[in-house]
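Some notes on the structure that comes next.
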There are 2 protein chains.
Amino acid sequence: MPWKDGTGPPWLQGKFKGCGYRLTVPRQAILDVLNSTTEHLSAEDTYLKVHKVHPAIGLTTVYRTLELLVQTGMVFKFDFGDGRARYELSEGPKGIGHHHHLVCTGCGRIIDYTDFIDEEVELLKRTEKGLSKKYNFKITNHMIQFHGLCEKCQ
Amino acid sequence: MPWKDGTGPPWLQGKFKGCGYRLTVPRQAILDVLNSTTEHLSAEDTYLKVHKVHPAIGLTTVYRTLELLVQTGMVFKFDFGDGRARYELSEGPKGIGHHHHLVCTGCGRIIDYTDFIDEEVELLKRTEKGLSKKYNFKITNHMIQFHGLCEKCQ
DNA sequence: TTAATAATGATAATCATTATCAATAAGAAA
DNA sequence: TTTCTTATTGATAATGATTATCATTATTAA
């Protein structure tokens with residue numbers, strides 16, 4: 001669904017317009033919110049932040065837009081086990097902001113880490129190559145999480 | 001919540017009784033179901049399978065038991081993006097059954113792979129060690145998923 | 001066996017996410 | 001620009017997975 005006409009290489013992150021979608025005020029506003037935080041916003045979190053600036057934008061639109069952003073590869077969607085999805089602007093696996101997560105199963109705290117990312121990404125690259133070939137699977141994204149207990153919860 | 005009295009090293013996978021929980025018929029039945037499949041069962045899937053043998057066991061108990069199994073580390077809980085949680089018996093990172101997942105974002109198909117697992121796990125071990133130290137985080141589990149399009153969906 | 005407590009199951013409640021649909025906004029064509 | 005066509009939006013209702021409640025039953029300890 002990333003490209004409306006069904007053509008083009010899907011799952012590449014790219015500009016809205018390049019994908020045939022309109023870059024409307026609500027969509028821009030939602031992107032702005034995502035772009036100005038390092039938090040792991042839920043749909044409602046996002047809605048509340050958007051709402052402060054654009055009270056007319058509804059929750060439904062936020063859900064819809066986030067989903068669209070996920071589909072076009074501009075946003076990553078995570079499940080940290082607290083019953084609601086979390087969204088983060090993706091900056092590409094080699095992007096500055098790329099990181100992985102530590103998830104505390106005690107209190108739900110999320111720690112972003114970038115340590116070892118290079119090694120991890122390098123291994124993942126190799127793994128991806130092998131898996132793509134073996135399973136004829138077009139890999140567009142990866143996800144690594146460590147689960148455990150944070151300092152406080154131990 | 002793994003140990004009822006709050007003591008003992010949490011998150012270690014272990015026997016029910018060792019954790020102070022009763023190994024009842026429903027719990028045994030649920031474990032049996034999980035142990036006799038390679039599918040990624042949802043709570044309801046599990047309920048239906050359990051129900052065939054033990055019609056008296058309710059859905060609530062299945063949910064409760066699965067959660068308990070997750071908490072004690074005997075079962076892994078996954079979110080593959082289809083709106084319901086999936087459960088798999090964990091056999092430990094070095095266990096025979098340990099694998100990672102390819103998730104097709106087109107049709108939702110899940111492919112288990114064990115290729116490259118050794119390399120991956122070895123790197124994860126090292127990473128874990130570093131992260132544990134730096135963030136004082138007690139890591140008990142990891143999760144790797146690759147997202148993309150399967151053969152059919154490309 | 002009995003007492004104390006944990007576990008169960010039917011039911012209702014919760015709550016994140018989706019579907020619906022009329023109203024509006026954006027881009028294309030004239 | 002003005003009109004036309006279609007995409008987008010937002011309020012509302014609906015869905016559906018998961019949880020909370022609570023009386024009943026099963027399990028262990030005494």
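Here the structure is a predicted model, which means the values were calculated and not measured. Within every chain, numbering begins at 1; the chains are lettered A, B, ... in the order of the sequence lines, protein sequences first and strands thereafter. The basis for the numbers below is simple: all heavy atoms, side chains too, and nothing from hydrogens, waters or symmetry mates.
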All N/O pairs under 3.5 Å across the protein-nucleotides 25-27 of chain D interface:
from	atom 1	to	atom 2	distance (Å)
D:dT27	O2	B:Arg22	NH2	3.4

Show each protein N/O and nucleotides 16-23 of chain C N/O combination with a separation under 3.5 Å, one pair to a line.
from	atom 1	to	atom 2	distance (Å)
C:dA16	OP1	A:Arg84	NH2	3.0
C:dT17	OP1	A:Ala85	N	2.8
C:dT17	OP2	A:Tyr63	OH	2.7

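Counting heavy atoms from C-beta outward, B:Thr61 and B:Arg64 have side chains that approach closer than 4.5 Å.
Not counting sequence neighbours, the partners of B:Arg86 by the salt bridge (Lys or Arg N to Asp or Glu O under 4.0 Å) test are B:Asp45, B:Asp82.
Atom-to-atom, OH of A:Tyr21 to C1' of D:dT9 comes out at 16 Å; the value is rounded to the nearest Å. To the nearest angstrom, C1' of D:dT9 lies 9 Å from CZ of A:Arg27. In this entry the distance linking CG of A:Leu68 with C1' of D:dA7 reads 11 Å, nearest Å. Counting to the nearest Å, the C1' atom of D:dG16 and the OH atom of B:Tyr47 are 16 Å from each other. For B:Leu66 and C:dG9, the CG to P distance is 13 Å, given to the nearest whole Å. Atom NE2 of B:His51 and atom C1' of C:dG9 are 13 Å apart (whole Å). Distance, A:Leu23 CG to C:dA25 C1': 14 Å, rounded to whole Å.
A distance of 9.5 Å separates CD1 of B:Ile110 from NE2 of B:His99, quoted to the nearest 0.5 Å. Rounded to the nearest 0.5 Å, atoms CG (A:Leu66) and CE (A:Met74) are 11.5 Å apart.
Classification of the B:Phe78-B:Phe76 ring pair by plane angle, with boundaries at 30° and 60°, yields perpendicular. Relative orientation of the A:Phe146 and A:Tyr113 rings is tilted, given thresholds of 30° and 60° on the angle between their planes.
Minimum interatomic distance between A:Ile30 and A:Val62 (heavy atoms only, all atoms of both residues): CD1-CA, 3.8 Å. Summarising the geometry of A:Glu88 relative to A:Glu39, their closest heavy-atom pair is CG-O, 4.5 Å, with the distance given to 0.1 Å.
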